[in-house]
Amino acid sequence: MSELQIGDIVTGIYKTGKYIGEITEVRHQHYLVRVLGVVKHPMQGDLHNPKEADVLIFHERKALSYREQTNIPKQMVKPFNEEVPDYLDSLRKAVDKMKADLTETGTPWADMSLKSLASLEKDYFK
């Protein structure tokens, strides 16, 4: 595959979230990507103990902000050929999907994650 270029619209996975963005810099092993939309909201809790409720600290994980830039490893970045959605609409859709999935899961981790998402929603959608 040929290397992506500055200005290309891509999807990228950062930690446990997936985003739509624009490449602003090409680095040796990463692309610097400016976030334009959210495809998948990051998981809540301890990344080292996924889907576990009984952890020392249950982290509340925010989605990357609109136009925030982040380094994403090149292997986690793919071209995006659709229309770029509105950031807040995409964030709402990603949060709603995660809430629906967590509600179906019904575990203690899912319940704690739903509480974290409720707190995040107050910040996201003021």
Side-chain angles (χ1 to χ4, degrees):
M1 180 172 104
S2 64
E3 183 155 307
L4 297 166
Q5 304 296 319
I6 292 173
D8 286 353
I9 303 298
V10 297
T11 60
I13 297 172
Y14 179 76
K15 295 191 179 175
T16 61
K18 185 173 181 180
Y19 301 91
I20 299 166
E22 176 184 3
I23 294 174
T24 59
E25 189 175 324
V26 178
R27 298 180 174 169
H28 182 66
Q29 295 182 346
H30 296 82
Y31 292 111
L32 185 62
V33 176
R34 178 183 297 130
V35 173
L36 302 174
V38 181
V39 177
K40 180 183 176 286
H41 193 280
M43 285 177 51
Q44 303 301 295
D46 185 342
L47 294 181
H48 301 289
N49 297 290
K51 298 188 178 182
E52 293 292 326
D54 189 18
V55 292
L56 189 58
I57 299 173
F58 193 89
H59 296 273
E60 181 179 275
R61 302 199 178 282
K62 293 181 83 170
L64 295 176
S65 302
Y66 180 62
R67 297 185 60 80
E68 180 175 351
Q69 297 203 75
T70 190
N71 281 306
I72 302 178
K74 287 185 175 181
Q75 67 270 21
M76 299 300 221
V77 176
K78 306 286 182 243
F80 183 73
N81 298 313
E82 299 171 33
E83 185 175 327
V84 176
D86 174 76
Y87 176 82
L88 277 179
D89 290 344
S90 70
L91 178 60
R92 168 54 68 197
K93 187 175 177 182
V95 168
D96 288 347
K97 166 108 174 69
M98 178 165 270
K99 284 172 37 180
D101 292 347
L102 289 168
T103 300
E104 283 182 22
T105 303
T107 63
W109 166 79
D111 292 342
M112 291 175 75
S113 294
L114 284 166
K115 288 177 185 162
S116 289
L117 282 175
S119 172
L120 289 170
E121 281 183 291
K122 291 175 185 171
D123 187 42
Y124 290 156
F125 310 113
K126 296 177 197 177

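We number each residue from 1, following the sequence as shown. The figures here come from the full heavy-atom set of this structure, side chains too, leaving out hydrogens, waters and symmetry mates.
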Do the charged groups of D111 and K115 touch, with an N to O distance under 4.0 Å?
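No salt bridge links D111 with K115.
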
Closer than 4.0 angstrom, basic N to acidic O: yes or no for R92 and D96?
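Answer for the salt bridge query: yes.
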
I'd like to know if [Y] and [X] are part of one continuous hydrophobic network [Ile/Leu/Val/Met/Phe/Trp/Tyr, side-chain heavy atoms within less than 4.5 Å].
X	Y	value
V38	F125	yes
L117	I57	no
L91	I9	yes

For the side chain of [X] and the backbone of [Y], is there at least one donor-acceptor N/O pair under 3.5 Å apart?
X	Y	answer
Q69	R67	no
K51	A110	no
Y124	A63	yes
S116	E60	no
K40	T16	yes

Do you know the tightest heavy-atom contact between [X] and [Y]?
X	Y	answer
T103	L114	OG1-CD1, 4.0 Å
E52	F58	O-CE1, 3.9 Å
L102	S113	CD1-CB, 3.6 Å
V26	E3	CG1-OE2, 2.7 Å
L32	R27	CD2-NH2, 3.6 Å

From [X] atom [atom1] to [Y] atom [atom2], the distance as rounded to the nearest 0.5 Å:
X	Y	atom1	atom2	answer
L47	R61	CG	CZ	3.5 Å
D101	M43	CG	CE	11.0 Å
L4	I23	CG	CD1	4.5 Å
K62	H41	NZ	NE2	9.0 Å
M76	K15	CE	NZ	13.0 Å
I6	Y31	CD1	OH	10.5 Å

Let me know which of Y66, F80, Y87, Y19 forms a side chain to side chain contact (heavy atoms under 4.5 Å, CB included) with L36.
Y66

Does K93, at its NZ atom, have more than 12 non-hydrogen atoms belonging to other residues, nucleotides or ligands within less than 6.0 Å?
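No, because the 6.0 Å sphere around NZ of K93 holds 12 heavy atoms or fewer from other groups.
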
Check whether more than 12 heavy atoms from other residues, nucleotides or ligands sit under 6.0 Å from atom CD of E83, and answer yes or no.
no

Residues in salt bridge (Lys or Arg N to Asp or Glu O under 4.0 Å) with K126, at least two apart?
D123

